[in-house]
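A note on names: the letters A, B, ... follow the listed sequences, proteins ahead of strands, and every chain is numbered from 1.
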Number of protein chains: 2
Amino acid sequence: MKDIKQKLIKLFKQGYSTPQIARIAKKIKEPSTTIHYNIKKLEKDGAIKAYNAVFDYDKIGIGYCTFVLIRLSPDEYGNPERLSKELSKHDEIESIDIITGDWEMILKVRTKDKDEYFNFMKNVISRKGVTKITTLTSLKQVKTEFVNL
Amino acid sequence: MKDIKQKLIKLFKQGYSTPQIARIAKKIKEPSTTIHYNIKKLEKDGAIKAYNAVFDYDKIGIGYCTFVLIRLSPDEYGNPERLSKELSKHDEIESIDIITGDWEMILKVRTKDKDEYFNFMKNVISRKGVTKITTLTSLKQVKTEFVNL
DNA sequence: TAAATAATTGAATATTATTCAACTTTATGT
DNA sequence: ACATAAAGTTGAATAATATTCAATTATTTA
């Protein structure tokens, strides 16, 4: 056994998929060359960033999902991009947004369980510049990445 | 002009992509038939729900992104799934999670601009059973769907 | 430890993406 | 309004890729 599964999951999170031109052509009843041309244009214009897989996250062992609200200290407040760039390297983080209001940043984080999340919070999120953290834990994921579960 | 672009975007949100077996095979140095077998297994097991595109949402005209926190009334509190199922039909909603804590539900919503979001909030989210709504507006999206922007 | 099941793989085939050149439509400048 | 350029559409030919199949190896189960 070569444990190809985990390697596939890692690749499919980043991309490694591609449009099904023939199927789309049939669906919207246009020649496949026309579909091809239009897709390449979207890619060239940067409108499409990647093609990737949407998972049943329970089944790939990262079923513990949280939203993390972060408040920054006054000195970090003016430069939230520094921290967000830093955080973006971590595979556990599905999304990072800099937001308005009482909080400066919201993360969507996926880990195996609460213990793994706790470690992640202590080691990655908590750092100087971060004043307060609130975690909203998902009890049930109804829809993700525009896909109903 | 046939405005194929919008049709493609709609299809790519749902799926209509497929793994690049040959590229993966080269990348992890295994025969393509082995990769094929392992991918089909993931699909059969339900671990992979779909293959879809990740967009630069500004460039496809839905650059206004919000997180919506929803509190339910005592009578709806015990059955958050009813409302979430109802909401999941709407294309503007990227994700729906039922959560712990002060709020019962969190949505990630993508619209063209604040006006379109305001209409969406009034017509779709606000309804009996929803006691309170707080909107966190994204000022900058650093990472989405595991992809750095 | 034998039998059954799951996983790996190369060769053959089927399907699909891509290229190209011709043509049509739309946009641009004077 | 008209000529010209640029963008978009398309069928035919080719290149690349996925899929099937049967044989082999590894792993699990009784």
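In summary, B/R82 and B/E76 engage in a salt bridge, as defined by a charged side-chain N under 4.0 Å from a carboxylate O. Between B/D45 and B/K41 there is a salt bridge, since at least one side-chain N of the basic residue sits less than 4.0 Å from a carboxylate O of the acidic one.
For A/D75, the side-chain hydrogen bond (donor to acceptor under 3.5 Å, both in side chains) criterion is met by A/S73, not counting sequence neighbours. Annotation: side-chain hydrogen bond (donor to acceptor under 3.5 Å, both in side chains) contacts of B/R127 (sequence neighbours excluded): none. Applying the side-chain hydrogen bond (donor to acceptor under 3.5 Å, both in side chains) test to B/S138 and every residue at least two apart in sequence or in another chain returns A/D97.
The ring pair (Phe, Tyr, Trp, His ring centres under 6.0 Å) analysis of residues 30-50 of chain B, with sequence neighbours excluded, yields no pairs. Note on residues 128-142 of chain B: pairs passing salt bridge (charged side-chain N to carboxylate O under 4.0 Å, His left out), not counting sequence neighbours, are A/E81-B/K140. Among residue pairs with one or both ends in residues 98-107 of chain B, none qualify as salt bridge (charged side-chain N to carboxylate O under 4.0 Å, His left out); sequence neighbours excluded. For residues 53-71 of chain B, the pairs satisfying side chain to side chain donor-acceptor pair (under 3.5 Å) are B/Y57-B/E145, with sequence neighbours left out.
Atom pair A/I35:CD1 and D/dG11:P shows a separation of 12 Å (rounding to whole Å applied).
For B/K13 and A/F146, the positive end sits near the middle of the six-membered ring, less than 6.0 Å away and at most 45° from its axis.
Between the axis at the start and the axis at the end of the helix from C/dT1-D/dA30 to C/dT30-D/dA1 there is an angle of 60°, using five pairs per end and rounding to 10 degrees.
Side-chain nitrogen and oxygen atoms of B/H36 include at least one within less than 4.0 Å of the OP1 or OP2 phosphate oxygen of D/dT19.
Within residues 37-53 of chain A, the residues having any heavy atom under 4.0 Å from DNA chain D are, by residue number, A/Y37, A/N38, A/K41. Near DNA chain D, meaning a heavy atom under 4.0 Å away, the residues from residues 6-33 of chain B are B/P19, B/Q20, B/I21, B/A22, B/T33.
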Under 3.5 Å donor-acceptor pairs involving side-chain atoms of residues 18-27 of chain B, not counting sequence neighbours:
{"residue": "B/Q20", "atom": "OE1", "partner": "B/R23", "partner atom": "NE", "Å": "2.9"}
{"residue": "B/Q20", "atom": "OE1", "partner": "B/R23", "partner atom": "NH2", "Å": "3.1"}

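Contact check for A/L72 versus A/T131: no side-chain heavy atoms found under the 4.5 Å cut-off.
In this structure, the separation between CE on A/M105 and CG on B/L139 is 11.0 Å, given to the nearest 0.5 Å.
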Taking only nitrogen or oxygen atoms into account, show me every contact under 3.5 Å that the protein makes with nucleotides 13-15 of chain C, one pair per line with its distance.
none

